[in-house]
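I have placed the structure first, in the form of structure tokens, so that the comments after it can refer back to it.
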Amino acid sequence: MKWTWLALVIFTAVPTAAVQAHAQTPLAPKAVADSFFAANRTERWASAAAYLDMDAFARLLRERVNVARMTRAQPPMSVETLMAQDSTMPRAVAEWQVERMRRYGATRPFDDFSQDFIGITSLRALEALTPAEGAVRWLEAQDPNATWRRAIAKLKCAQASADSLRTFSLFTRSVLAAVEVNDSTAYALTTIDVFGNAMGGDDSPPPDLVLMRRKVGAWRVVPSLWLMRGMNMGFGRPQCAPGNEH
């Protein structure tokens, strides 16, 4: 009876250990990249942020805060200051440039950082962001589909209802492949589809490379200014169809 009990313990313990070892196997770079873009596609920003290299994102956040502080400390641009920077600039041109800067500033408050971090409209709020919270807000602000929906909603086009905007999806990023350069660096090759249809021929932009790093045994996506939109795709401003403005 004693040997029977011992044999049973050994028999059940071996597969359990094997399952645990399998569960702890880190995902390959392509699987991580697929999961990251899939989470963004379904707007699960917190889930997507879990795949980011948070050390790299913390540096990105610190740099943005430092730039905001330095910009805030600078006095508003004046005609005299602008002409001093370029002695060949006529006063009329300098006045036009300064007025253009003023008009731009009026459309976007100085402390509005919502284009970088959704919902952050003051320097104090920006400074208070933790990397974990900042990553979620940054992903939502950078996502091209969410950005277009906000831009369209701001136009208040007659044909753009709240329900239609909720399901509006123009861009889809897909991971073609991934390659490990060494034990700590990998690249994912991504492409972008428009309206769910892959563009082909001369209109198709070249694929983008997404940098990945291995951190604590797991592959993570390195954040960059072009991570969400790609380096090779330009976006214009949406416009209401003629006769459909509110």
**Request:** Check the pair Lys215, Asp55 against side-chain contact (heavy atoms from CB on, under 4.5 Å), reporting the backbone distance first and the verdict last.
**Result:** CA-CA 9 Å; Lys215 293 295 181 73; Asp55 292 333; 3.4 Å; yes
**Item:** Heavy-atom check, side chain of Phe37 versus side chain of Val221, under 4.5 Å
**Value:** no
**Request:** Identify the heavy atoms of Val136 and Ala46 that sit nearest to each other, and give their distance.
**Result:** CG2-CA, 3.8 Å
**Asked** With side chains defined as the heavy atoms from C-beta onward, is the minimum distance between Ser35 and Val32 less than 4.5 Å?
**Response** no
**Request:** Check salt bridge (charged side-chain N to carboxylate O under 4.0 Å, His left out) between Asp86 and all other residues, then give those that pass, not counting sequence neighbours.
**Result:** none
**Message:** Test of understanding: clusters of I, L, V, M, F, W, Y form through side-chain heavy atoms closer than 4.5 Å, transitively. Do Tyr187 and Trp226 belong to the same one?
**Reply:** no
**Prompt:** So, for Leu60 and Phe117, which heavy atoms are closest and what is the spacing to 0.1 Å?
**Reply:** CD2-CZ, 4.5 Å
**Prompt:** So do Ile120 and Ser114 actually touch side chain to side chain, heavy atoms under 4.5 Å?
**Reply:** no
**Request:** Kindly determine whether Arg214 and Glu180 satisfy side-chain contact (heavy atoms from CB on, under 4.5 Å), including the steps that lead there.
**Result:** CA-CA 10 Å; Arg214 191 195 294 268; Glu180 296 183 29; 3.8 Å; yes
**Side-chain donor or acceptor of Ser87 paired with backbone N/O of Met83 under 3.5 Å** = no
**Fill in**
In terms of heavy-atom contacts, Ala48 and Leu139 come closest through CB-CD1, 3.8 Å
**Message:** I need the minimum non-hydrogen distance between Asn182 and Ser184, along with the two atoms involved.
**Reply:** OD1-N, 2.9 Å
**Prompt:** Going hydrophobic residue to hydrophobic residue with side-chain gaps under 4.5 angstrom, can you get from Val222 over to Leu176?
**Reply:** yes
**Asked** What distance separates Asp208 CG from Ile192 CD1, expressed to the nearest 0.5 Å?
**Response** 8.0 Å
**Close side-chain approach of Asn40 and Trp45, heavy atoms under 4.5 Å** = yes
**Message:** Donor-acceptor pair, distance only, cut-off 3.5 Å: does the side chain of Thr42 make one with the backbone of Ala39?
**Reply:** yes
**Heavy-atom side-chain contact between Gln115 and Thr147 under 4.5 Å** = no
**Request:** Examine the side chains of Arg213 and Thr185 and answer whether a donor and an acceptor come within less than 3.5 Å of each other.
**Result:** yes
**Complete:** What one should report as the nearest heavy-atom pair of Pro131 and Phe57 is O-CE2, 3.4 Å
**Message:** Do Phe36 and Val210 make a side-chain contact, defined as non-hydrogen atoms from C-beta onward lying under 4.5 Å apart?
**Reply:** no
**Message:** Could you report the tightest heavy-atom contact between Ala135 and Met54, atom names first, then the distance?
**Reply:** CB-CE, 4.1 Å
**Asked** Would you call Arg59-Glu63 a salt bridge at under 4.0 Å N-O?
**Response** no
**Request:** Without swapping roles, check the side chain of Asp143 against the backbone of Ala146 for a donor-acceptor pair under 3.5 Å.
**Result:** yes
**Request:** Drop me the distance from Arg137's CZ to Gln142's CD, to the nearest 0.5 angstrom.
**Result:** 14.0 Å
**Asked** Are Glu127 and Arg62 close enough for a salt bridge, meaning some N to O gap below 4.0 Å?
**Response** no
**Asked** Taking atom CG of Asn145 and atom CD of Glu140, what is their separation to the nearest 0.5 Å?
**Response** 12.0 Å
**Expected output: side-chain Arg220 to main-chain Tyr51 donor-acceptor under 3.5 Å** = no
**Asked** Quick one: does Arg150's side chain get under 4.5 Å of Ile118's, heavy atoms only?
**Response** yes
**Flag side-chain contact, heavy atom, 4.5 Å: Phe113 against Leu123** = yes
**Prompt:** Nearest 0.5 Å, what's the OG1-CG distance between Thr190 and Leu209?
**Reply:** 8.0 Å
**Request:** Take atom CG of Asp183 as the centre, draw a 6.0 Å sphere, and report whether it contains more than 12 heavy atoms from other residues, nucleotides or ligands.
**Result:** no
**Asked** Distance from Trp96 atom CH2 to Leu82 atom CG, nearest 0.5 Å?
**Response** 11.0 Å
**Item:** Euclidean distance, Leu61 CG relative to Trp138 CH2, rounded to 0.5 Å
**Value:** 11.0 Å
**Request:** Starting from the C-alpha separation in whole Å, work towards a yes-or-no answer on side chain to side chain donor-acceptor pair (under 3.5 Å) for Arg173 and Thr191.
**Result:** CA-CA 6 Å; Arg173 291 285 292 279; Thr191 187; over 6 Å; no
